[in-house]
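First the structure, in the form of structure tokens, and then the observations on it.
Basis for what follows: all heavy atoms, side chains included, without hydrogens, waters or symmetry-related copies. Below, chains carry the letters A, B, ... as their sequence lines are ordered, and counting in each starts from 1.
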Amino acid sequence: MKKITPRSEDFAAWYQDVVLQGDMAEPAEVVKGCMVIKPNGYAIWELLQRELDDRFKATGHENAYFPLLIPQSFLKKEAEHVEGFSPELAVVTIAGGKQLEEPYVIRPTSETIIGHFFARWIHSYRDLPLLINQWANVLRWELRTRMFLRTTEFLWQEGHTAHATHEDALEETLRMLDVYAEVAENVMAMPVVKGMKTLAEKFAGAVRSYSIEAMMQNGLALQAGTSHDLGQNFGKAFDVQFQTKEGKLDFVWQTSWGVSTRLIGGLVMTHSDDKGLVLPPKLAPKKVVLVPIFRKEEERALVLEAAAKIAKEVGAHVDVRESETPGSKFFHWEQRGVPVVLELGPRDVASGNIVIKRRDTGTKDIVPQSEVAAKVKATLEIMQKDLYAKARQRLKDNTVLANSIEEVESILSDEVTAEKGGGKFVMAHLKDDPKNDARIKEFKASVRNIPAVDEFDGPGKCILTGEQVDRRVCIAKAY
RNA sequence: CGGGGCGUAGCGCAGCCUGGUAGCGCACCUGCCUUGGGCGCAGGGGGUCGUAGGUUCAAAUCCUAUCGCCCCGACCA
């Protein structure tokens, strides 16, 4: 059986091993940079989709679907947008055996084509706000890919909304950022730093971008979700005008926001260990698996009967496979991140007990069968909380302050970070200016965001320009 | 696109230097035996050695060309 590379040895190899051994996905092989999401991985995505979609609906959004192909000219209508995405576009030039008069691009994101349709649908302030979400695949020709974290094609949702005022649009932008942060923390048990992107790092075509940033076990940052205040940029590019209450014409104020299957990569790198996948109970397709154990034929019937009864009570999957031994079943479910595994053998049938094992801590408890349902429920709840607490502590322990550019650079230097597992979130005072971002990039780090909540010491002088800024920004190396 | 590595059974690899019957581990199939952390034993199936050309009596092995994949970097959710 193939071993999982320990995190301490090679974090990137560990990540690949966990994904493969957890049977979540595999490289598509015949399609460059793409992956096949296998049932075990897709089930996690479905649970995550449900959690997100429920919240989108609860905040007034409706789902819709727009075409995969976008006329090439659409991309060019917003200057920054085309500049930002051009390098990574795949273009359809031939269809039906004929050269197309105007090529289509395969959507890298859908602001442009949605903008086009918004222009047709919106005429009055009464049509606003328009709150649309799309679940879709998009394609970006990335130079380097990693399963879930960055693939050529990926699955995501993209919210697109139009509002009558900038205030409304900004409120929406921040509301959805909050939704993302809430799902990340309460569902994925993945703490995040919520904040505003610098001007250098914002989405191509946005006025301002906001993000949630998570810290992986090696200390690298992962941008886990983004929400954009698009201002009137796309409104003007696509002529999305409406008549105000006062009878004047104005362009709509738009937002867009998205999270992707990348979240699954973040989930893996937040909780999993050297034995394989660890899933927070809320995102575990199988929360409880019961492994029956028996020797003799007469034991078999007794054990399976008891197992079926208990499984029904606690909602467990019984692993009845004849071809595998209990030992191999334990490894099997461990690698797949099942939060709780129950062991039931002749000893337990005789004593009326059952063995309950937690995936994250590896601890085994023996409890009376009469209490197993309550015990499982409690264990799942505790595990969800513990995973979050552990990740929160890691984020806290690896967030440090720095008061000079030299200090930032030395903390993030190659000797201690990246594959070595010593990555940090470095908090420093830095003016939001692309020139300053460029200086940070010199040592392969970036400003992740300017936190919405200042948990540190308030205003200070920019470590590069000496100008007064109102809080520290988060600097880190990132995926 | 720059640097490095690799293409041999489903997967992971050895064989290549020094040309001569296609090999190992895992997985798979059959039977027996086992089952509280990856059971064991016996038998079995499966490969135009990435592709194309060349050298040779003979090529996985030597030569030439070509295609593809992976890793590191630049780009990025």
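K329(A) has its NZ atom 12 Å from the C1' atom of G36(B), to the nearest Å. Counting to the nearest Å, the C1' atom of C26(B) and the NE2 atom of H332(A) are 17 Å from each other. Here A74(B) presents its C1' atom at 14 Å from CD of E88(A), a figure rounded to the nearest Å. For L20(A) and C70(B), the CG to P distance is 13 Å, given to the nearest whole Å. Atom pair L342(A):CG and G36(B):C1' shows a separation of 14 Å (rounding to whole Å applied). Regarding Q21(A), its CD atom lies at a distance of 13 Å from the P atom of A27(B), rounded to whole Å. Protein atom CZ of R321(A) is 15 Å distant from nucleotide atom C1' of C39(B), rounded to whole Å. As a whole-Å value, the separation of I356(A) CD1 from G36(B) C1' is 16 Å.
Ring to ring, H81(A) and F234(A) are close: their centroids are under 6.0 angstrom apart.
Taking atom P on both nucleotides, U30(B) is separated from C67(B) by 45 Å, rounded to a whole Å. For the C1' atom pair drawn from A59(B) and U51(B), the interatomic distance equals 15 Å after rounding to whole Å. Separation of the C1' atoms belonging to G25(B) and A58(B) is 31 Å when rounded to the nearest angstrom. Across G43(B) and C11(B), the matching C1' atoms stand 23 Å from one another, rounded to whole Å.
Inter-residue side-chain proximity for V92(A) and I106(A) is flagged as met; some heavy-atom pair is nearer than 4.5 Å.
Using a 4.0 Å heavy-atom cutoff across all strands shown, S209(A) reaches no nucleic acid atom at all. At a threshold of 4.0 angstrom between heavy atoms, the contacts of V355(A) include nucleobase atoms, whether or not backbone atoms are also involved. Within 4.0 Å (heavy atoms only), Q223(A) reaches sugar-phosphate atoms of the nucleic acid but no base atom. Using a 4.0 Å heavy-atom distance criterion, S260(A) is classed as a base contact. When heavy atoms are screened at a 4.0 angstrom cut-off, L149(A) is found touching base atoms of the nucleic acid.
Atom CZ in F66(A) sits 10.5 Å away from atom CZ in R107(A) (nearest 0.5 Å).
Taking 4.0 angstrom as the limit, Q16(A) places none of its side-chain polar atoms (N or O) nearer than this to OP1 or OP2 of C70(B).
At most 12 heavy atoms of other shown residues, nucleotides or ligands fall within 6.0 angstrom of atom CZ in R295(A).
For the 3.5 Å distance criterion, the side chains of T161(A) and T255(A) qualify, holding a donor opposite an acceptor. S209(A) and H228(A) form a side-chain donor-acceptor contact under 3.5 Å, judged by distance and modelled atom types alone.
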Quick test: give all pairs of protein nitrogen or oxygen and nucleotides 28-35 of chain B nitrogen or oxygen below 3.5 Å, distance rounded to 0.1 Å.
from	atom 1	to	atom 2	distance (Å)
U35(B)	OP1	R295(A)	NH1	2.2
U35(B)	O2'	F294(A)	O	3.4

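Projected onto RNA chain B by closest heavy-atom contact, T151(A) and D348(A) fall at different nucleotides, the more 5' of which corresponds to D348(A). For F330(A) and K441(A), each mapped to the nucleotide of RNA chain B holding its nearest heavy atom, the one lying further toward the 5' end belongs to F330(A).
When Watson-Crick and G-U wobble pairs are counted only if both distances are under 3.5 Å, G40(B) pairs with C32(B). The partner of G73(B) is C1(B), judged by Watson-Crick or G-U wobble contacts that both fall below 3.5 Å. With a cut-off of 3.5 Å on both pairing distances, the Watson-Crick or G-U wobble partner of G68(B) is C6(B). With a 3.5 Å ceiling on both atom-pair distances, the Watson-Crick or G-U wobble partner of C24(B) is G12(B). Across every strand in view, A58(B) sits unpaired, with no contact that passes the Watson-Crick or G-U test at under 3.5 angstrom.
Heavy-atom minimum distance, D273(A) versus W14(A): O-NE1, 3.0 Å.
Sorted by first and then second residue, the salt bridge (charged side-chain N to carboxylate O under 4.0 Å, His left out) pairs with a member in residues 71-90 of chain A read E80(A)-K202(A); sequence neighbours excluded.
Aromatic ring pairs are classed by plane angle as parallel below 30°, tilted from 30° to 60° and perpendicular above 60°; the pair W257(A) and H61(A) is perpendicular.
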